[in-house]
Structure formats: structure tokens, C-alpha cells
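Notes to accompany the following structure.
Model, not experiment: these values are computed from the prediction. We count ligands from 1, going down the list as the structure has it; atoms in each ligand are counted the same way.
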Amino acid sequence: MISRFAGIKYKLDKSENFDEYLKALGVGMLTRKVVNSISPVVELVHNGDSSYTFKSTSTFKTIVINFKIGEEFIQDLPDGRKVPTIITQEGDNKLVEEQKGDKPTTIVREFTKDAVNMTLTTDSVVCTRNYKVVG
Ligand code: DKA
């Protein structure tokens, strides 16, 4: 179960092609500069059954995504867009987030006890971000 990774905090360690990804989403230069310079800490919280919260904390913003696995919801993105989103589970350690709307995006988060490896794809732009366990 993905819930075994709940409560573990991970901090951004490596990021590749993030600026290209943000450009493809239409994020402006000033915001890109800020977002590129921060190292968020992320944590999955299990609220019971298939209900989860994904928290990303940084000096830029705290982002909270409340979701139920397999149920569509409207996500408020940090750049102001509101997009229908669905998060599904693949295998026993991957969450696959599909954001719909003008800029369809897929974000795969693969959890281990030591790391969260993210792959973000929009159009033909692929970005990877690797988080390492804190402490
Ligand atoms: C991450 O969690 C990256 C999440 C990507 C957010 C893209 C939208 C940013 C708009 C300012 O490491």
C-alpha cells in the first residue's frame, strides 16, 4: 500500500529540465526564477481509506492537494489555474497525477523509503525531480 510512505518527509535533491517544463506550462519568467531556486519538502498524509493529502512546503508557497485515489477533483495550482485532476495508484509505490485542461500534464511520483522520484511531462517536455528522505 502507498500508505506505508505516509509521514515521511522528503526534500528536493536534484531537478532536471524544470525550467523547460515550467515554460511549456506558460509560467512567467519571474515566477520561474523563484520556483527554480527553491527546494521544497514534500510529505504524503494518509487520512484513511483512499483519502490522502500531498503537502509541499517551501519559502515560495505551501501547496496542499487533498485527493481520493481514482476520484477526479478540481486542483488549484500555484500559478492560479484550476484544473480537473485525477490521481491513481500504479503498483504499490507509484502515484500518477493527470491534470487536464489547457495544458495536460502527467506527474508520476515513485515512492521508496529513501526517495521520491518524480517525472513530470507536458507536451513533449519531460522533467525529473528527485527528492531524498529528510534526516
Ligand atoms: C514539485 O512538486 C514540482 C511541482 C510542479 C509545479 C508546477 C506548477 C508551478 C507553477 C508556479 O517538485
Side-chain angles (χ1 to χ4, degrees):
M1 282 298 290
I2 199 85
S3 59
R4 71 189 188 281
F5 301 107
I8 305 176
K9 289 187 174 154
Y10 305 88
K11 188 175 174 72
L12 185 70
D13 181 51
K14 265 193 241 159
S15 179
E16 277 180 18
N17 224 23
F18 192 45
D19 197 46
E20 288 308 310
Y21 173 79
L22 294 173
K23 272 187 203 164
L25 290 181
V27 178
M29 194 183 68
L30 286 180
T31 307
R32 288 205 319 274
K33 230 177 166 178
V34 176
V35 175
N36 268 308
S37 71
I38 55 172
S39 296
V41 171
V42 298
E43 181 185 358
L44 185 68
V45 177
H46 188 206
N47 304 314
D49 299 326
S50 61
S51 173
Y52 289 86
T53 300
F54 188 79
K55 274 192 205 169
S56 171
T57 310
S58 70
T59 47
F60 171 59
K61 253 180 194 173
T62 293
I63 299 166
V64 175
I65 309 173
N66 291 306
F67 65 97
K68 284 189 178 166
I69 291 180
E71 274 188 30
E72 190 169 289
F73 62 99
I74 302 294
Q75 184 175 179
D76 288 319
L77 293 170
D79 57 0
R81 288 176 297 138
K82 290 184 190 298
V83 293
T85 301
I86 186 163
I87 300 180
T88 52
Q89 187 176 332
E90 245 181 42
D92 68 352
N93 72 336
K94 267 190 205 172
L95 291 177
V96 179
E97 175 178 343
E98 300 278 355
Q99 294 177 8
K100 300 171 187 174
D102 285 359
K103 306 273 180 191
T105 300
T106 303
I107 301 176
V108 178
R109 294 181 179 90
E110 183 171 11
F111 290 81
T112 69
K113 291 281 182 199
D114 301 320
V116 178
N117 295 315
M118 281 180 91
T119 307
L120 304 93
T121 310
T122 190
D123 292 331
S124 56
V125 180
V126 180
C127 157
T128 56
R129 284 167 69 81
N130 307 102
Y131 285 76
K132 265 193 184 166
V133 74
V134 173

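What sits closest to atom 9 (C) of ligand 1 on the protein, heavy atoms only, is Leu22 CD2, 3.9 Å. Atom 11 (C) of ligand 1 has Thr31 CG2, 3.8 Å as its closest protein atom, hydrogens excluded (heavy atom only). Looking only at protein heavy atoms, the nearest one to atom 6 (C) of ligand 1 is Phe18 CZ, 4.7 Å. Nearest protein neighbour of atom 12 (O) of ligand 1, counting heavy atoms only, is Tyr131 OH, 2.6 Å.
Those atoms of ligand 1 that come under 4.0 Å of a heavy atom in Met118, given as number and element, are 1 (C), 2 (O), 12 (O).
To the nearest 0.5 Å, atoms CD1 (Ile87) and CD1 (Ile69) are separated by 8.5 Å.
Checked against a 3.5 angstrom limit, the closest N/O atoms of Arg129 and ligand 1 fall inside it. Taking only nitrogen or oxygen atoms, main chain and side chain alike, Arg109 does not reach within less than 3.5 Å of ligand 1.
Looking at heavy atoms from C-beta onward, Val133 lies out of side-chain contact with Lys113 at the 4.5 angstrom threshold. Between Asn36 and Leu22, some side-chain heavy-atom pair lies under the 4.5 Å cut-off.
Across every non-hydrogen atom of Ser56 and Pro40, the tightest pair is OG-CB, 3.5 Å.
By the 4.0 Å N-to-carboxylate-O rule, Asp49 lies too far from Lys68 to be salt-bridged with it.
Comparing Leu120, Val42, Thr105 against atom 4 (C) of ligand 1, the shortest heavy-atom distance belongs to Leu120.
Geometrically, Arg109 does not engage Phe5 in a cation-pi contact defined by less than 6.0 Å to the ring centre and at most 45° from the axis.
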